[in-house]
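A short write-up of the structure that comes next.
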Amino acid sequence: MTQELVLDPTGATAGSADSTLSARTASLRGLTVGLLDNTKPNTTDLLHAIGDQLQQSYGAAASKLYTKDYFGTPASPELVDQIVAEVDVLITGVGDCGSCSAATVADGIQFERAGIPTVAITSDSFYPSGRAMAQVQGFPGFDFYAVHHPFASLTADEVRERAMTALPDVLRILGVES
């Protein structure tokens, strides 16, 4: 008898029915902010701008940049374990296409389930792709931020402006009190 292996293309795993947010912190004072770059154009600059602002204005102790192997898939288990061990909160992005938006939201959900408050950032044009992934991952209420599209072709000044526009929602999603 031939036995076949059936793969689940959604990436859902055991525990995927857990839609509980990780514990929020009212302040970033003294915390380490993780920045997970999916390698899409302008993402590093946006994450650094947000991380810098969280340090300068909200007391975060440091920010650490991590880079995924590929934008269209969730972060590897090894990278997830490293980030969970080294940071207190995480910002990940930027999903500005179908697969990378879905993967960005999947990353956000997997870090929430690992106990790290996370803000996933997609572009507004691909917000529905992120919503669909949240639904598939069993976390339909997962809150994430959508930066105005297009994003990849912005100048450095425009990226910084988008970062400052995102900041209030980043703080809200992390649970930081103003």
Worked check of side chain to side chain contact (heavy atoms under 4.5 Å, CB included) between Asn42 and Val94: CA-CA 8 Å; Asn42 283 331; Val94 170; over 6 Å; no

Kindly indicate, with the supporting measurements, whether the criterion side chain to side chain contact (heavy atoms under 4.5 Å, CB included) is fulfilled by Ile91 and Leu54. CA-CA 11 Å; Ile91 302 164; Leu54 294 178; 3.7 Å; yes

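Between Arg160 and Asp157, no side-chain nitrogen of the basic residue sits less than 4.0 Å from a carboxylate oxygen of the acidic one, so the salt-bridge criterion is not met.
Using a 4.5 Å cut-off on side-chain heavy atoms (C-beta onward), Val89 and Leu28 make contact. The shortest side-chain heavy-atom distance between Val87 and Val33 does not fall under the 4.5 Å cut-off. Contact annotation: the side chain of Ile121 approaches that of Ile50 to within less than 4.5 Å [non-hydrogen atoms, C-beta and beyond]. A heavy-atom distance below 4.5 Å is not found between the side chains of Leu90 and Lys64. You'll find the side chain of Gln137 stays beyond 4.5 Å of the side chain of Val105, heavy atoms only.
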Show every donor-acceptor pair shorter than 3.5 Å between a side-chain atom in residues 145-153 and any protein atom, with sequence neighbours excluded, or say none if there are none.
from, atom 1, to, atom 2, distance (Å)
His148, ND1, Asp124, OD2, 3.0
His149, ND1, Ser123, OG, 3.0

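Taking both residues in full, the closest heavy atoms of Thr118 and Leu174 are given as N-CD2, 4.2 Å, listed atom of the first, atom of the second, then distance. Minimum heavy-atom separation, Ala120 to Gly108: CB-CA, 4.5 Å.
Using modelled atom types and a 3.5 Å distance limit, the side chains of Glu86 and Thr32 yield no donor-acceptor pair.
In terms of the side-chain contact (heavy atoms from CB on, under 4.5 Å) criterion, residue partners of Thr67 (sequence neighbours excluded) are, by chain and number, Asp37, Thr39. When the side-chain contact (heavy atoms from CB on, under 4.5 Å) test is applied to Arg131, the partners found at least two apart in sequence or on another chain are Tyr127, Ala134, Phe142, Phe144. Asp52 pairs by the salt bridge (Lys or Arg N to Asp or Glu O under 4.0 Å) definition with nothing, not counting sequence neighbours.
Judged by distance alone, with hydrogens and angles left aside, the side-chain atoms of Glu112 form a donor-acceptor pair with the main-chain N or O of Ser22 at under 3.5 Å. Under the 3.5 Å distance criterion, the side-chain polar atoms of Asp107 are matched with a main-chain donor or acceptor of Ala75.
Within the structure, side chain to side chain donor-acceptor pair (under 3.5 Å) pairs that include any residue of residues 95-104 comprise Lys40-Asp96 (at least two apart or interchain). The list of ring-ring contact (aromatic ring centres under 6.0 Å, His included) pairs with a residue in residues 57-83, not counting sequence neighbours, is empty.
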